Amino acid sequence: MSSTIAKQTLLVGGILVNVFSQPDAATPTDPVNILFFLHGRTSSADALEPQARAILDGVHARRKALAPGAKADDLIVVTFDHRNHGTRLVDELANWHWTDDPKTTNVRHALDMYAIQSGTARDVSYLIDFLPAYLFPNAERTVASWLVAGISLGGHSTWIVLRDDPRVKLGIPIIGCPDYLKLIRPRAEAVGLAFGPPYFPATLVEYVRAHDPAAAPHTAREGNPFWGKRVLVLSGGADEIVPWRASEEFVGELEVGEGREGGGRKEVLVEEGTGHAFSEGMLERAVEFLWREALVR
């Protein structure tokens, strides 16, 4: 069931931001939830548009099926390009990986990828600071909650946002990984590269070990930045680019304070037979999670 979806493009401090909304979904006084939807490596915000619209269509179908008198908050989906992607592209090689061809390999793959995913996470927090003023200059709407979802590289950034920004209460990492060294070190070993300079500068490894989502306290409440958050992890069981085994230990240990004590929720779908892809089944599960955990009252 399709819905009327409006697209607006804003320039926020030099970042082009696409805003997808359903003008007739709610009354002007209803709170609005804003979902940042992040694309994968070598992709772009434009490539996400069909899926951004599909999320809103899924929400629309559930809104139409609400019982009389039931209410659900509004949802806006926001996309923008990762650093060095799409409209922000400076050097295409910096988005590439290690190869056997010296002409096409990116020696700095480990550094470039972590710098980009960390930078995008910071962009999310930056946009949380300023986007409401661009969208609602006269305080027309109230933002009820900030949400983030991302695919592949965007999934890595989603984990970082969940760790670093307490304003983001719900996250859906899709074929992403919270433990960078468990992901990238086997990738280097597969092409015969040593875990050390120049491929892994000491300062990069030091930074990752201090700031990676997997480095944060996450097995109990004390100091746990994930506590009280709602997290849906979507992975492909046959994914060899971002294999589930790189995430499994952290996700299994992760405590979010489920139940009355903390108000968090953790759900995990490892879809058997799915490779490095955001499948239709994953999309449906993501919409259902957004609806149940963020929108319906």
Side-chain angles (χ1 to χ4, degrees), residues 1-8 17-38 48-80 124 127-128 131-132 135-136 139-151 154-155 158 161-162 165-174 226-234 256-260 262-269 278-297:
M1 182 184 297
S2 62
S3 57
T4 300
I5 296 173
K7 179 183 178 183
Q8 178 184 15
V17 175
N18 302 309
V19 180
F20 298 90
S21 62
Q22 296 168 299
D24 301 325
T27 64
T29 57
D30 284 339
V32 60
N33 297 264
I34 297 182
L35 170 70
F36 291 98
F37 189 27
L38 310 176
L48 275 187
E49 182 164 339
Q51 291 161 322
R53 291 178 177 273
I55 289 171
L56 288 174
D57 282 340
V59 168
H60 174 74
R62 287 163 173 78
R63 195 183 305 277
K64 295 288 284 184
L66 277 172
K71 295 282 288 183
D73 289 347
D74 200 0
L75 178 67
I76 287 174
V77 179
V78 171
T79 66
F80 64 93
V124 169
L127 290 171
I128 290 174
L131 189 57
L135 289 174
F136 313 119
E140 298 93 334
R141 304 290 296 273
T142 300
V143 179
S145 64
W146 297 98
L147 324 168
V148 63
I151 302 170
T158 296
V161 173
L162 284 168
D165 199 317
R167 296 170 294 182
V168 176
K169 301 299 185 184
L170 180 150
I172 307 176
I174 304 159
F226 305 98
W227 190 267
K229 299 196 176 187
R230 300 176 181 192
V231 183
L232 171 64
V233 181
L234 299 173
V256 296
E258 295 192 76
R260 293 183 179 179
R265 181 176 295 277
K266 179 181 74 173
E267 296 183 11
V268 181
L269 171 64
F278 182 31
S279 70
E280 287 295 323
M282 291 179 182
L283 174 62
E284 178 65 21
R285 183 71 176 267
V287 171
E288 176 59 31
F289 191 79
L290 286 166
W291 177 255
R292 171 171 32 94
E293 298 298 331
L295 302 180
V296 72
R297 300 181 196 173

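Quick caveat: nothing in here was measured; it's all calculated off a predicted structure.
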*Would you check, one step at a time, whether the test side chain to side chain contact (heavy atoms under 4.5 Å, CB included) holds for Lys7 with Asn18?*
CA-CA 7 Å; Lys7 179 183 178 183; Asn18 302 309; 3.7 Å; yes
Quick one: are [X] and [Y] in side-chain contact, heavy atoms under 4.5 Å?
| X | Y | answer |
| --- | --- | --- |
| Pro31 | Arg297 | yes |
| Leu147 | Leu75 | yes |
| Asp57 | Val287 | no |
| Arg292 | Glu267 | yes |

*Which word best sums up how the rings of Phe80 and Phe36 line up, parallel for under 30°, tilted for 30 to 60°, or perpendicular for over 60°?*
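It falls in the perpendicular class, over 60°.
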What heavy-atom pair brings [X] and [Y] nearest, and what distance separates the two atoms?
| X | Y | answer |
| --- | --- | --- |
| Leu56 | Ser21 | CD1-N, 3.9 Å |
| Val143 | Pro132 | CG2-CG, 4.5 Å |
| Trp227 | Gly262 | NE1-CA, 3.7 Å |
| Ala149 | Thr158 | C-OG1, 3.4 Å |
| Asp74 | Arg141 | OD2-NH2, 3.2 Å |
| Ala286 | Leu232 | CA-CD2, 3.8 Å |

Drop me the distance from [X]'s [atom1] to [Y]'s [atom2], to the nearest 0.5 angstrom.
| X | Y | atom1 | atom2 | result |
| --- | --- | --- | --- | --- |
| Ile76 | Leu131 | CD1 | CG | 8.0 Å |
| Leu295 | Asp30 | CG | CG | 11.5 Å |
| Trp146 | Ile128 | CH2 | CD1 | 5.5 Å |
| Lys169 | Asn33 | NZ | CG | 13.0 Å |
| Leu162 | Leu170 | CG | CG | 8.0 Å |
| His60 | Gln22 | NE2 | CD | 7.0 Å |

*Can any side-chain N or O of Lys229 pair as donor or acceptor with the backbone N or O of Val256 at less than 3.5 Å?*
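No: the side chain of Lys229 does not pair with the backbone of Val256.
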*Ignoring hydrogens and geometry, is there a side-chain-to-backbone donor-acceptor pair from Arg63 to Asp73 under 3.5 Å?*
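Between the backbone of Asp73 and the side chain of Arg63 there is a qualifying donor-acceptor contact (under 3.5 Å).
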*List in chain and number order the residues that pass salt bridge (charged side-chain N to carboxylate O under 4.0 Å, His left out) with Glu284, two or more places apart in sequence or in another chain; answer none if no residue qualifies.*
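Counting only residues at least two positions away or on another chain, Glu284 forms a salt bridge (charged side-chain N to carboxylate O under 4.0 Å, His left out) with Arg62.
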*asked:* The test is side chain to side chain contact (heavy atoms under 4.5 Å, CB included); show your working for Leu135 and Ile34 and say whether it passes.
replied: CA-CA 11 Å; Leu135 289 174; Ile34 297 182; 3.9 Å; yes
*Flag yes if more than 12 heavy atoms outside Glu280 fall under 6.0 Å of its CD atom; otherwise flag no.*
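No, CD of Glu280 has 12 or fewer neighbouring heavy atoms, counting only those of other groups under 6.0 Å.
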_Run the side chain to side chain contact (heavy atoms under 4.5 Å, CB included) test on Val124 and Leu38 for me, step by step, so that the C-alpha distance in whole Å, both residues' side-chain angles and the decisive distance to 0.1 Å come before the verdict._
CA-CA 9 Å; Val124 169; Leu38 310 176; 4.2 Å; yes
*asked:* My understanding is that only residues two or more places apart in sequence, or in another chain, count here; which of them pass side-chain contact (heavy atoms from CB on, under 4.5 Å) with Val296?
replied: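 Only Leu66, Trp291 meet the side-chain contact (heavy atoms from CB on, under 4.5 Å) criterion with Val296.
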